[in-house]
J.: 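Please read through the structure below; I'll follow up with questions.
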Number of protein chains: 2
Amino acid sequence: MKIEDEIKQPVFSNVFQKGLINILYTAGWISQRNALQLKEYGITSPQFNVLRILRGQHPKPATVNLLIERMLDKTSNASRIVDKLELKKLVTRTVCPSNRRAVDIRITEAGLTLLSEIDTVFAQEPQLRNLTEAEASQLNDLLDKIRD
Amino acid sequence: MKIEDEIKQPVFSNVFQKGLINILYTAGWISQRNALQLKEYGITSPQFNVLRILRGQHPKPATVNLLIERMLDKTSNASRIVDKLELKKLVTRTVCPSNRRAVDIRITEAGLTLLSEIDTVFAQEPQLRNLTEAEASQLNDLLDKIRD
DNA sequence: TGCAAATATATGTACATACATTTAATGTCG
DNA sequence: CGACATTAAATGTATGTACATATATTTGCA
């Protein structure tokens with residue numbers, strides 16, 4: 001559906017204004033779909049993102065600082081997201097021996113198992129399936145250019 | 001900066017995966033910039049969006065339902081956003097005379113004044129300034145296609 | 001008419017975001 | 001060495017998101 005109809009705004013003042021709204025709206029649309037799928041597995045999107053970062057590090061530990069560096073949203077609260085994951089036994093938290101200010105965070109076996117289940121489901125419905133490879137590249141270039 | 005560097009992820013499994021992350025990351029980047037600018041005026045992004053919808057209706061009132069229809073995020077809680085705006089005297093809330101279930105919400109003079117101040121500032125630094133008009137159109141087409 | 005269904009909004013709860021502040025450990029430099 | 005700044009993480013507070021439920025009003029129809 002065209003963005004004009006989705007938010008019932010008949011016209012935009014210009015194509016830039018429309019593009020801006022379109023990015024925000026599309027990101028929300030994607031997030032909502034993701035959140036719905038993840039809900040069946042009992043985790044939220046931020047929790048899922050943190051788990052994937054931890055899997056990338058595995059078997060090395062990550063610190064809260066490293067999580068913040070790699071999270072999509074830099075200002076969110078990694079500490080409290082890890083709290084929730086720890087409660088679900090998907091990660092462990094131990095004081096870092098070489099720097100007792102820092103905390104070593106590791107994904108557990110249960111966490112790895114959960115991620116691989118989710119991967120299987122996500123692989124069945126590929127993302128951005130409506131775009132060709134060339135279009136997806138074009139999109140990446142445009143988005144990178146916006147943030148320059 | 002390229003998305004790989006921004007989130008310190010050296011490679012993506014494919015261009016679709018990268019595109020997905022890029023949309024989410026870019027939307028966050030835009031939101032954060034907007035939020036920072038709006039903070040000087042004492043309002044948040046959702047509050048700003050609601051105010052703009054109300055200005056679009058002015059001098060007619062809007063209901064909570066109309067706000068939900070037009071908000072970027074359909075599931076957010078319009079009622080409580082209006083609460084905050086009402087506290088700041090930027091909107092008024094009165095029971096709708098023709099349907100006492102509904103509530104007429106109107107932007108106040110103070111609200112209109114605030115919006116026009118913000119417009120002035122935003123106009124000075126146009127959005128998506130790094131894109132040409134053709135590129136912005138292309139972006140809109142790609143984003144619309146993703147949601148088909 | 002009367003009563004159930006639908007509608008409009010508000011409220012409750014859990015989680016996340018945004019940002020300031022606090023606490024503890026480590027580094028640094030006089 | 002010791003005071004002070006820096007760093008890593010946790011905590012506090014306000015706001016927003018997501019979703020279920022509650023309350024009040026209106027509508028429809030037996």
J.: A:N34 CG to D:dA18 P: how many Å, rounded?
T.: 12 Å

J.: Return the residues of residues 79-99 of chain A meeting this criterion: a heavy atom under 4.0 Å from some atom of DNA chain C. Order them by number, or give none.
T.: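 The answer is A:R80, A:I81, A:K84, A:N99.
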
J.: I want to check one thing: is the phosphate of D:dT15, taken as OP1 and OP2, less than 4.0 Å away from some side-chain N or O of B:T44?
T.: no

J.: Whole angstroms only, please: what is the CG-C1' distance between B:L36 and C:dC19?
T.: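 The distance from CG of B:L36 to C1' of C:dC19 comes to 11 Å, rounded to the nearest Å.
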
J.: If you draw a 6.0 Å radius around CD in B:E133, do more than 12 non-hydrogen atoms from other residues or ligands fall strictly inside?
T.: no

J.: In whole angstrom, what separates A:N65's CG from C:dA25's P?
T.: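 Taking CG of A:N65 and P of C:dA25, I get 17 Å after rounding.
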
J.: Who are the ring-ring contact (aromatic ring centres under 6.0 Å, His included) partners of B:F16, not counting sequence neighbours?
T.: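 If we apply the ring-ring contact (aromatic ring centres under 6.0 Å, His included) test to B:F16, skipping adjacent residues, there are no hits.
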
J.: Atom CZ of A:R101 to atom C1' of C:dT22: distance rounded to whole Å?
T.: 16 Å

J.: Exactly one of B:V50, B:I118, B:N49 should register a side-chain contact (heavy atoms from CB on, under 4.5 Å) with B:I43. Which one does?
T.: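 Checked B:V50, B:I118, B:N49 against B:I43; only one passes side-chain contact (heavy atoms from CB on, under 4.5 Å): B:I118.
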
J.: Separation of A:F48 atom CZ from C:dA16 atom C1', in whole Å?
T.: 17 Å

J.: Given A:N140 and B:N22, is the side-chain hydrogen bond (donor to acceptor under 3.5 Å, both in side chains) satisfied, shown in steps?
T.: CA-CA 7 Å; A:N140 275 306; B:N22 213 339; 2.8 Å; yes

J.: Rounded to whole angstrom units, what separation is found between the NZ atom of A:K39 and the C1' atom of D:dA18?
T.: 8 Å

J.: Tell me whether the count of non-hydrogen atoms from other residues, nucleotides or ligands lying under 6.0 Å of NZ in B:K89 goes above 12.
T.: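 No.
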
J.: Between D:dA9, C:dC19, D:dA18, which nucleotide has the shortest distance from any of its atoms to the side chain of A:N77?
T.: C:dC19

J.: Among all residues two or more places apart in sequence or in another chain, which pass the salt bridge (Lys or Arg N to Asp or Glu O under 4.0 Å) test with B:R147?
T.: A:E6, B:D144

J.: Check step by step if side-chain hydrogen bond (donor to acceptor under 3.5 Å, both in side chains) holds for B:R70 and B:Q57.
T.: CA-CA 11 Å; B:R70 308 210 175 170; B:Q57 289 300 107; 3.3 Å; yes

J.: Could you tell me whether the phosphate oxygens of D:dT17, OP1 or OP2, come under 4.0 Å of any side-chain nitrogen or oxygen in A:Q32?
T.: no

J.: Name the residue closer to the 5' end of DNA chain D, choosing between A:A102 and B:S45 according to the nucleotide with the nearest heavy atom.
T.: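 So the residue in question is A:A102.
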
J.: Name the residue closer to the 5' end of DNA chain C, choosing between A:P46 and B:A35 according to the nucleotide with the nearest heavy atom.
T.: A:P46

J.: Rounded to whole Å, please give me the gap between CZ in B:R100 and P in C:dT7.
T.: 20 Å

J.: To the nearest angstrom, how far is B:I68 atom CD1 from D:dT17 atom P?
T.: 12 Å

J.: Which is true for A:T63 with a 4.0 Å heavy-atom rule: it touches a base, it touches only sugar-phosphate, or it touches nothing?
T.: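 Sugar-phosphate, no base atom in range.
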
